[in-house]
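Counting starts at 1 for both ligands and their atoms, following the listed order. What you see is a predicted model; the values in this text were computed from it and never measured. Any value given below was found using the heavy atoms of this structure, including those in side chains, with hydrogens, waters and symmetry copies removed.
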Amino acid sequence: MKNFRIALLPGDGIGPEVIDETVKILDRVADLCGFSCTGETYSVGAGEYLKSGEALPQEVLEKCAECDAILLGAMGLPSVRLPGGVELTPQLDIREQLDLYKGLRPIKLYHESDTPLKGYKQCEIDIMLVRENTEGLFSERTKIADFEADKATDVMLISRKGADRICRAAFDEARKRRKHVTLVDKANVLPSMAYLRHIFDEVAKEYPDVDTERQYIDAMALFLVQRPGDFDVLVTENMFGDILSDLLAGIVGGMGMAPSADIGDKYAVFQPSHGTAPSIAGQNLANPIATILSAAMMLDWLDTEETRAGAAMIYRAVEIVFENPANRTSDMGGKLSTTEMGALIDGELGKK
Ligand code: ATP
């Protein structure tokens with residue numbers, strides 16, 4: 001039986017709570033599908049920074065890189081800041097150091113009662129956001145702002161290599177889905193975005209079977225609220241992707257419903273799109289679904305017959321549990337705790 005070593009990085013805030021539920025689900029589908037997972041838990045995040053002075057110790061990153069995949073909860077706390085005022089973001093350091101350029105953020109509506117938009121039924125919102133993870137407007141994020149200076153700048157870096165590989169990733173995703181890619185940019189104003197569009201157009205020629213569309217980020221924010229059902233794969237730079245992923249989460253029930261995968265050519269990290277939600281941490285209130293769905297993405301990425309079967313089981317179990325609108329945690333207007341939601345998904349899997 002194939003065993004997978006999974007690095008578990010629960011992190012801060014609600015991270016440990018959502019990881020605990022997800023590990024139970026992983027163990028369950030591993031049992032059902034004939035594989036096993038050995039979790040190796042490491043301390044990374046604001047808590048680790050307070051203990052050791054390092055949010056992401058180098059030896060931990062090396063251990064993570066030895067594992068088959070990395071499952072992360074959430075990291076950073078508003079009260080723990082670096083000199084210069086920004087929060088600790090070891091999850092971004094991991095993406096950059098392991099070159100996890102492909103940020104996949106699937107968004108799916110599981111039940112019509114979960115969207116604030118009128119007229120959308122189950123599965124009528126089904127979008128894959130492909131976010132560039134290693135450059136864009138985050139390219140100089142580790143600089144320290146000089147509060148005494150007259151100005152501060154950030155650089156929007158679009159490299160040929162970075163643009164080319166993220167556009168290809170989007171087209172490859174589209175081929176697995178409804179074969180439609182929308183580039184989201186600001187090519188009417190920013191030269192870096194005109195460059196991104198030029199490279200997108202070049203790559204598009206190699207995928208004649210995939211339909212393409214180009215939209216400006218501001219218009220896209222409008223269209224995602226007005227007619228999200230018209231979109232399949234979106235591809236964009238780092239910062240625009242960061243913002244759009246929260247907007248997208250908002251139209252299917254909130255951050256607790258938004259899984260993600262950060263994938264490179266060799267390594268991958270799977271984590272919910274949400275942050276540490278400090279105001280609800282430690283209270284058994286967090287919605288674990290985004291993390292559970294991220295684990296399903298991990299099983300798909302591990303790409304054996306058994307793990308793919310496990311992923312399909314998780315997706316199906318979430319669909320069935322969400323058919324009943326009473327089965328919701330408090331962020332979605334329900335009464336279930338984190339552990340009760342985890343138990344419902346686990347119970348559904350147990351029926352198989
Ligand atoms: P970050 O910048 O680290 O991604 P953020 O500023 O986007 O974090 P989050 O921590 O994601 O903030 O929280 C945004 C809002 O969503 C908060 O009100 C938080 O309580 C809520 N929230 C986030 N994740 C969950 C979850 N899993 N369950 C319930 N509520 C959540």
Side-chain angles (χ1 to χ4, degrees), residues 9-23 25 44-49 55-56 71-82 85-95 100 103-108 110 114-116 129 131 133 136-138 141 238-262 269-297 318 321-322 327-342 344-345:
L9 310 180
D12 307 303
I14 60 172
E17 296 163 67
V18 293
I19 287 288
D20 279 354
E21 291 315 302
T22 302
V23 167
I25 301 299
V44 173
E48 179 60 31
Y49 178 77
L56 174 63
L71 184 64
L72 193 153
M75 288 177 185
L77 291 172
S79 55
V80 184
R81 292 187 182 257
L82 291 169
V86 298
E87 272 184 50
L88 292 153
T89 46
Q91 69 280 23
L92 302 188
D93 301 332
I94 295 173
R95 277 177 215 165
L100 309 179
L104 299 184
R105 312 273 174 115
I107 283 294
K108 196 163 171 184
Y110 281 91
D114 295 330
T115 179
L129 174 68
R131 167 186 174 183
N133 263 344
L137 198 52
F138 283 24
R141 66 178 187 87
N238 210 339
M239 183 70 184
F240 293 172
D242 189 31
I243 297 168
L244 283 188
S245 63
D246 277 31
L247 189 159
L248 286 163
I251 61 173
V252 295
M255 297 310 293
M257 296 305 290
S260 84
D262 299 310
V269 171
F270 300 84
Q271 67 173 118
S273 295
H274 60 72
T276 52
S279 62
I280 58 165
Q283 297 169 54
N284 200 17
L285 289 175
N287 184 350
I289 294 296
T291 318
I292 290 171
L293 291 173
S294 302
M297 294 178 81
V318 173
V321 166
F322 271 66
N327 293 336
R328 298 293 185 274
T329 42
S330 56
D331 53 312
M332 298 179 77
K335 293 197 169 72
L336 297 183
S337 65
T338 311
T339 44
E340 284 167 341
M341 177 58 91
L344 268 188
I345 303 289

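Of the protein's heavy atoms, none falls inside 4.0 Å of atom 2 (O) of ligand 1. For atom 13 (O) of ligand 1, no protein heavy-atom neighbour is found at a distance under 4.0 Å. Within a 4.0 Å radius of atom 17 (C) of ligand 1, the protein contributes no heavy atom.
Protein heavy atom nearest atom 28 (N) of ligand 1, with residue, atom name and distance: N287 N, 2.9 Å. Among protein heavy atoms, atom 15 (C) of ligand 1 sits closest to M255 CG, 4.6 Å. Counting protein heavy atoms only, atom 25 (C) of ligand 1 is closest to I14 CD1, 3.9 Å.
Among P278, A286, A277, S273, the residue whose heavy atom lies nearest to atom 19 (C) of ligand 1 is A277. Between S330, S245, G15, G275, it is G275 that holds the heavy atom closest to atom 4 (O) of ligand 1.
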Output side-chain donor-acceptor pairs under 3.5 Å for residues 9-16, partner residues at least two apart or in another chain, one line each.
unit_1	atom_1	unit_2	atom_2	d
D12	OD1	A46	N	3.3
D12	OD1	G47	N	2.9
D12	OD2	A46	N	2.7
D12	OD2	G76	N	2.8

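Looking at T338, its side chain never comes within 3.5 Å of a backbone N or O of N287 through a donor-acceptor pair. Side chain of R328 to backbone of M341: no donor-acceptor contact under 3.5 angstrom is found. Between the side chain of N284 and the main chain of S337, no donor-acceptor pair closer than 3.5 Å is present. At least one donor-acceptor pair under 3.5 Å links the side chain of S260 to the backbone N or O of Q271. Side-chain N or O atoms of R81 include none that pairs as donor or acceptor with a backbone N or O of V86 at under 3.5 Å.
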Full working for side-chain contact (heavy atoms from CB on, under 4.5 Å) between I289 and Y110 | CA-CA 11 Å; I289 294 296; Y110 281 91; 5.7 Å; no
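Residues R141 and D93 are paired through a salt bridge, judged by an N-O separation under 4.0 Å between the basic side chain and the carboxylate.
Polar contact check, H274 against ligand 1: a nitrogen or oxygen pair lies under 3.5 Å apart.
For ligand 1, the atoms closer than 4.0 angstrom to any heavy atom of D246 are 7 (O).
Contacts between T329 and ligand 1, counted as non-hydrogen atom pairs separated by less than 4.0 Å, are absent for every part of the residue.
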